[in-house]
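I have placed the structure first, in the form of structure tokens, so that the comments after it can refer back to it.
Residue numbers start from 1 in every chain, and the chains themselves are labelled A, B, ... in the order their sequence lines are given, proteins ahead of strands. Not measured: the values here are computed from a predicted model.
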Amino acid sequence: MSDTPIRAAVDLTARSDRARSTKDLVYRIFLFSGIGVALGALATLLVTVSIDGAPRLNWDLITAMPSARPSRAGIQSAIWGSIWVVGLTALISLPVGVGTAVYL
Amino acid sequence: MPSGAMRRRIALERAIKGLLAVMASLTVVASVLIVVALVRPAIDFFSEVPVVDFLTGSRWAPLFKPASFGVWSIVVGSLWVAAIALVVAIPLGLGAAFYLSEYAEPRVRAFLKPVLEVLAGIPTVVFGFFALNFVNPQIVAKLWPVGDVGTYSVMAAGIVTGIMILPTVASLAEDAMAAVPLSLREGAYALGSNRREVSTRVVFPAAFSGIVAAVVLAASRAIGETTIALLAAGSKAQLATNPGEEAQTMAGFIGFAGIGDQATGSTGYKAIFAVGSLLFVITMALNIVSIRVVRRFREVYE
């Protein structure tokens, strides 16, 4: 095929172009799999949590207290616990944090 | 002689400055107190258990009689979880970062970055539950080829920890890539490079220090990750050679024992602080290494 030096050079470029585009494709697939796995994991997480959680998601869950009977159990006390923790954290960290920032 | 009002103003100014200084020192004092509270019981612990036994032993059984405090088995548990997490998060996180910074159109990027940050905002306990109830039974137990996978496995904990730190790697690495000046890319394009060549041969070396910083931050989060390990890696301290087995991690032990199966003041209770100190030393060493590497490879562009 490559009877002249010019022809040989053209062949070489064509071959390296083909190798280059294969590499590009592999690289592109690698990048997409990065973002794909992240989004896939997020979607799977949301779907499994929703499927498991949806039947229990009603107003009673929020207003009821924990109970020995699972069907009547709620999380009101746990919600108050979280509110206390978040509130106290804000109360302590905001003045100290902002004060430190202003001082610095 | 300043007037009364003036003097009051100066006094107020001083008082506020003093108050602010107290607040600034409070943050430092709190950090120091945490270290002291961690190290003092740890020193106590080492008066009861020789340091050499602690660091070289591999039987971790603080509740047994006779108790045994070979930390090596829970160190290995932590290393398994962190290593698996990094194997998941480094390639996928960097892939996502390169895609976002070099390939994605601005509109796609503006959509994907916040979605990734949603992943970063999921509470770790939800991830732990996901590992225990979905990833372990549905994925690891079905696909892992070696041995039987029980209720817990370091594999499931590691994979989910990797997913947890993935957005950290992606987001920080992407920031580092975005900081590489456009002129470098344009130079490479002008010489005939395509996107892949620009991203692997120009952007990657130029952003290397930032990428290392992102990976090390993710690594120290993975090694200290408690809730996922606590829920999904199991509580049996053993030198795991197969990641399909369960194995307690350092942070998992602290979380498990901290809930209260150790009598206050007992050697096992003090062991919590010894393990905590070790974990602290490990993450600090990681951070020091990262600062070194970042300095060594930093490229500054005007």
Side-chain angles (χ1 to χ4, degrees), chain A residues 12-14 16-57 75 78-79 81-83 85-86 88-104, chain B residues 16-30 88-104 108-109 112-113 115-116 118-120 122 126-127 129-131 133-135 138-139 159-160 162-164 166-167 169-170 173 192-197 199-200:
Chain A
L12 213 62
T13 341
S16 80
D17 266 4
R18 224 170 301 133
R20 216 171 152 204
S21 56
T22 315
K23 269 192 196 165
D24 288 348
L25 185 70
V26 171
Y27 186 67
R28 217 173 252 266
I29 290 170
F30 163 69
L31 296 193
F32 272 115
S33 66
I35 206 93
V37 169
L39 297 185
L42 182 62
T44 316
L45 184 83
L46 292 180
V47 167
T48 54
V49 168
S50 320
I51 287 175
D52 290 347
R56 291 300 314 274
L57 209 59
I75 54 166
I79 290 178
S82 292
I83 291 174
V85 170
V86 172
L88 286 174
T89 305
L91 211 64
I92 293 166
S93 69
L94 276 182
V96 175
V98 172
T100 305
V102 170
Y103 180 77
L104 290 177
Chain B
I16 286 178
K17 203 178 165 195
L19 190 70
L20 290 177
V22 167
M23 283 174 168
S25 48
L26 248 174
T27 35
V28 178
V29 169
V88 171
I90 292 176
L92 297 178
L94 291 187
F98 273 121
Y99 173 73
L100 286 175
S101 119
E102 305 303 315
Y103 280 76
V108 179
R109 204 181 112 153
L112 284 179
K113 251 209 138 175
V115 173
L116 267 186
V118 169
L119 197 58
I122 292 172
V126 175
F127 275 123
F129 204 67
F130 180 61
N133 270 4
F134 182 78
V135 175
Q138 301 297 329
I139 298 175
I159 291 172
V160 174
I163 292 170
M164 180 195 84
L166 197 159
V169 176
S193 311
N194 60 23
R195 278 178 195 257
R196 172 180 57 82
E197 287 155 351
S199 62
T200 53

Quiz item: Got a salt bridge between A/Lys23 and B/Glu197, using NZ or NE/NH1/NH2 to carboxylate O under 4.0 Å?
Solution: no
Quiz item: Where on B/Ile122 is there a heavy atom nearer than 4.5 Å to chain A: the side chain, the backbone, both, or neither?
Solution: side chain
Quiz prompt | Contact origin within B/Phe129 toward chain A - heavy atom pairs under 4.5 Å | solution = neither
Exercise. Measure B/Leu166 against the heavy atoms of chain A and call it side chain, backbone, both or neither at under 4.5 Å.
Key: side chain
Quiz prompt | Residue-level interface, residues 45-52 of chain A with chain B, non-hydrogen cut-off under 4.5 Å | solution = A/Leu45, A/Thr48, A/Val49
Quiz item: Checking B/Leu100 against chain A: side chain, backbone, both or neither under 4.5 Å from a heavy atom?
Solution: side chain
Acceptor/donor pairs from residues 95-104 of chain A side chains to any protein atom, 3.5 angstrom cut, sequence neighbours excluded:
{"residue": "A/Thr100", "atom": "OG1", "partner": "A/Val96", "partner atom": "O", "Å": "2.7"}
{"residue": "A/Thr100", "atom": "OG1", "partner": "B/Met23", "partner atom": "O", "Å": "3.3"}

Quiz item: Residues two or more places apart in sequence or in another chain: which of them pass salt bridge (charged side-chain N to carboxylate O under 4.0 Å, His left out) with B/Lys113?
Solution: B/Glu174, B/Asp175
Quiz item: So how far is it from A/Leu31 CG to B/Arg195 CZ, rounded to the nearest 0.5 Å?
Solution: 11.0 Å
Practice problem: Below 4.5 Å from any heavy atom of chain B, which atoms of A/Ser93 appear? Answer side chain, backbone, both or neither. | Solution: neither
Would you mind writing out the side-chain donor-acceptor pairs for residues 32-40 of chain A within the sub-3.5 Å range, not counting sequence neighbours?
{"residue": "A/Ser33", "atom": "OG", "partner": "A/Ile29", "partner atom": "O", "Å": "3.4"}
{"residue": "A/Ser33", "atom": "OG", "partner": "A/Phe30", "partner atom": "O", "Å": "2.6"}

Self-check item: Flag for A/Tyr27-B/Ser199: side-chain donor and acceptor within less than 3.5 Å
Solution: yes
Quiz prompt | chain A contact via B/Phe134 - side chain, backbone, both or neither, heavy atoms under 4.5 Å | solution = side chain
